[in-house]
Amino acid sequence: MAEMTSVGGTPFTGRALAGRVAMVTGAAGDIGRATAVRLASAGARVVLADLAEGLDATAELCAEANANATPITTNFDVTSEADVQQAFDDLADQGVVADLLFNNAGYQGHFSNVVDYEVDDFRQVLDVNVTGVFLVLRCFARTLINTGRPGAIVNTASMAHGGAPNMAAYSASKAAVIALTKTAAKDLADKSIRVNSISPAFIGPGQMWERQVELQAATPSQYFADDFDEVAAQMIAAVPLRRYGSLDEVAAAAHFLLSDEASYITAFDIEVSGGAV
Ligand SMILES: NC(=O)c1ccc[n+]([C@@H]2O[C@H](COP(=O)([O-])OP(=O)(O)OC[C@H]3O[C@@H](n4cnc5c(N)ncnc54)[C@H](O)[C@@H]3O)[C@@H](O)[C@H]2O)c1
C-alpha cells in the first residue's frame, strides 16, 4: 500500500493516539464506554471516570483493545468542585496528566411539557450537563496548562440543543454546552488546547434510546404517538438516513476531533445525526 504523504508539509499521523492520555467521563455509560475503547484502540492510555458502577467493565474492554491502555478508573460526581479537583489531584499523585478529554457525562432529565416541568429536575439537569462539564473542563485545562503541553477537549452536546419537545431542561443544557465549548475554545486557544463538541441525535441501541422512546410515548404531545414502536418509527422517519446512529459512529466523531487530524479545528460542533436537524 502506498504511504500517505502530505502536500502541505504537516506530517500525516492519522488518528494514532500513542503517548496520549485520554480522560473519558460517563465512561460507565454507552457512549463513554464505546469512545473509551476506541481511544484505547488508537493507542491512548485511558482514565475512566463516572459516578456509577461499571467502570471495571469498560477498563477490561480497553485493556483488551490495547495492552498499553493501562486504564485508570476514578469515581467522582462531576457536579462537585471538590470531588473533581480531588480526582485530578489523585491522578497527579500517580504522575498522570490527561491531555485529551472526552467530557461526556450527562443526565437526560424528566420528560414533561414545559408548563409542568419540575424546577428541581430542571436544576439537576443543568447542574450535571452544564456545571459538571464546566468543572471537569476547567480542572483539566488548569492541570494541562501547568505542564505547558497542548491538548484537546470534546464535550458531548446533543441535537436536542435545537429544542426537543418535552425536554426543556435537557435541550437548554445542551445549547449551553455548545456555547461553553465556543467560549472555552477561544479562551484556551493561546494554550494550544482545542475545544469542540459533538451533537448526537438518535443513537442506539442503548438505555438512552429506549428511555427517550418510552418517555416520549408516555408524555402527551402533538409530536409523538403513545405507543413505543410508533414513536420509534416517528423518530427514525425524522432522520434522512432513516436509522439511528451507532455508538461507534459517535465514538468516531469524538476520536477525530481529539486526534491531530483535527489540528486546525476548534470551537466547532459536529452533528452526528444522520442529517436530522
Ligand atoms: N445516547 C443518545 O442517544 C444521546 C444522544 C445525544 C446526546 N447524548 C449524550 O451523550 C452522553 C452520554 O450518554 P449515553 O447515551 O452514554 O448515556 P448513559 O446514561 O449510558 O451514560 C451517561 C453516564 O454519565 C454518568 N453520569 C451522570 N451523572 C453524572 C455525574 N453527576 N457525575 C459523573 N457521572 C455522571 C452516568 O452514571 C452514566 O454512566 C450524555 O451527555 C448524553 O446527554 C446521548
Side-chain angles (χ1 to χ4, degrees), residues 22-36 47-55 58 73-88 98 101-112 114 116-142 153-184 195-203 206-212 214-216 219 247 250-251 254 269 272:
M23 174 183 275
V24 176
T25 69
D30 294 322
I31 289 176
R33 177 169 294 154
T35 306
V47 177
L48 308 170
D50 207 297
L51 182 60
E53 302 287 304
L55 290 177
T58 307
T73 59
T74 170
N75 276 103
F76 62 87
D77 182 342
V78 296
T79 67
S80 162
E81 183 178 8
D83 291 0
V84 172
Q85 183 65 55
Q86 188 63 51
F88 277 86
L101 170 65
F102 184 43
N103 204 2
N104 165 74
Y107 167 56
Q108 219 176 13
H110 295 168
F111 280 56
S112 129
V114 69
D116 300 318
Y117 209 104
E118 294 158 15
V119 69
D120 286 350
D121 189 66
F122 195 95
R123 288 200 168 108
Q124 197 191 336
V125 173
L126 290 179
D127 205 21
V128 176
N129 295 358
V130 185
T131 310
V133 164
F134 158 69
L135 286 173
V136 177
L137 179 152
R138 191 182 66 171
C139 218
F140 168 89
R142 283 178 177 172
I153 299 171
V154 171
N155 299 317
T156 307
S158 162
M159 286 307 290
H161 70 72
N166 289 324
M167 299 177 78
Y170 187 73
S171 300
S173 75
K174 294 302 189 177
V177 168
I178 292 176
L180 171 62
T181 299
K182 291 181 192 299
T183 291
V195 191
N196 293 291
S197 58
I198 55 169
S199 283
F202 302 125
I203 305 301
Q207 70 86 27
M208 210 173 252
W209 164 254
E210 302 277 332
R211 183 175 187 268
Q212 68 189 318
E214 203 174 285
L215 291 178
Q216 287 292 16
T219 311
L247 295 170
V250 178
D269 182 63
V272 190

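Cys139 approaches Gln85 most closely through the heavy-atom pair SG-OE1, 3.4 Å. For Leu126 against Ala172, the heavy-atom pair with the smallest separation is CD2-C, 4.4 Å. The minimum heavy-atom distance between Phe122 and Ala168, with the atom names listed, is CE1-C, 4.0 Å. The two atoms that bring Phe140 and Ala98 nearest to each other are CE1-O, 3.3 Å, heavy atoms only. The two atoms that bring Ala254 and Thr35 nearest to each other are CB-CG2, 3.9 Å, heavy atoms only. Contact between Ala28 and Ala52 at its shortest, heavy atoms only, is CB-O, 4.3 Å.
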CA sep, side-chain torsions, deciding dist, call: Gln212, Phe111, side chain to side chain contact (heavy atoms under 4.5 Å, CB included): CA-CA 8 Å; Gln212 68 189 318; Phe111 280 56; 3.8 Å; yes

Derivation and outcome, side chain to side chain contact (heavy atoms under 4.5 Å, CB included), residues Ile198 and Phe102: CA-CA 10 Å; Ile198 55 169; Phe102 184 43; 3.9 Å; yes

Tyr107/Asp121 under side chain to side chain donor-acceptor pair (under 3.5 Å): CA gap, chis, key distance, verdict: CA-CA 10 Å; Tyr107 167 56; Asp121 189 66; 2.6 Å; yes

Derivation of the side chain to side chain donor-acceptor pair (under 3.5 Å) call for Ser199 and Asp269: CA-CA 7 Å; Ser199 283; Asp269 182 63; 2.9 Å; yes

Verdict with supporting geometry, Glu81 and Arg138, side chain to side chain contact (heavy atoms under 4.5 Å, CB included): CA-CA 10 Å; Glu81 183 178 8; Arg138 191 182 66 171; 2.8 Å; yes

Trace of the side chain to side chain donor-acceptor pair (under 3.5 Å) decision for Asn129 with Ser173: CA-CA 6 Å; Asn129 295 358; Ser173 75; 3.1 Å; yes

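Thr74 contributes atom OG1, which lies 9.5 Å from atom CG of Leu48 (distance to the nearest 0.5 angstrom). Rounding to the nearest 0.5 Å gives a distance of 10.5 Å between CG of Asp50 and OG1 of Thr73. Interatomic distance, Met23 CE to Leu101 CG, rounded to the nearest 0.5 Å: 7.0 Å. Here the OG1-CG distance, from Thr79 to Leu51, works out to 8.0 Å after rounding to the nearest 0.5 Å. Note that NE2 of His110 is 7.5 Å distant from CD of Gln124, once rounded to the nearest 0.5 Å. For the atom pair Met208 CE and Leu247 CG, the distance stands at 11.0 Å (nearest 0.5 Å).
A donor-acceptor pair under 3.5 Å is formed between the side chain of Arg33 and the backbone N or O of Gly54. Judged by distance alone, with hydrogens and angles left aside, the side-chain atoms of Ser197 form no donor-acceptor pair with the main-chain N or O of Thr181 at under 3.5 Å. With Asp83 contributing its side chain and Phe76 its backbone, the two residues share no donor-acceptor pair below 3.5 Å. Side chain of Asn103 to backbone of Thr25: no donor-acceptor contact under 3.5 angstrom is found.
Enclosure of atom CZ in Arg123 is not indicated, since only 12 or fewer non-hydrogen atoms of other residues, nucleotides or ligands lie within 6.0 angstrom.
Counting only heavy atoms from C-beta outward, the side chains of Val125 and Tyr117 approach each other to under 4.5 Å. Annotation: side chain of Leu55 is in contact with side chain of Asn75 (closest heavy-atom distance under 4.5 Å). Within the 4.5 Å cutoff, the side chain of Asn155 has heavy atoms near those of the Val195 side chain. Proximity of Gln216 to Asn166: side-chain heavy atoms (C-beta onward) are separated by under 4.5 Å at one or more points.
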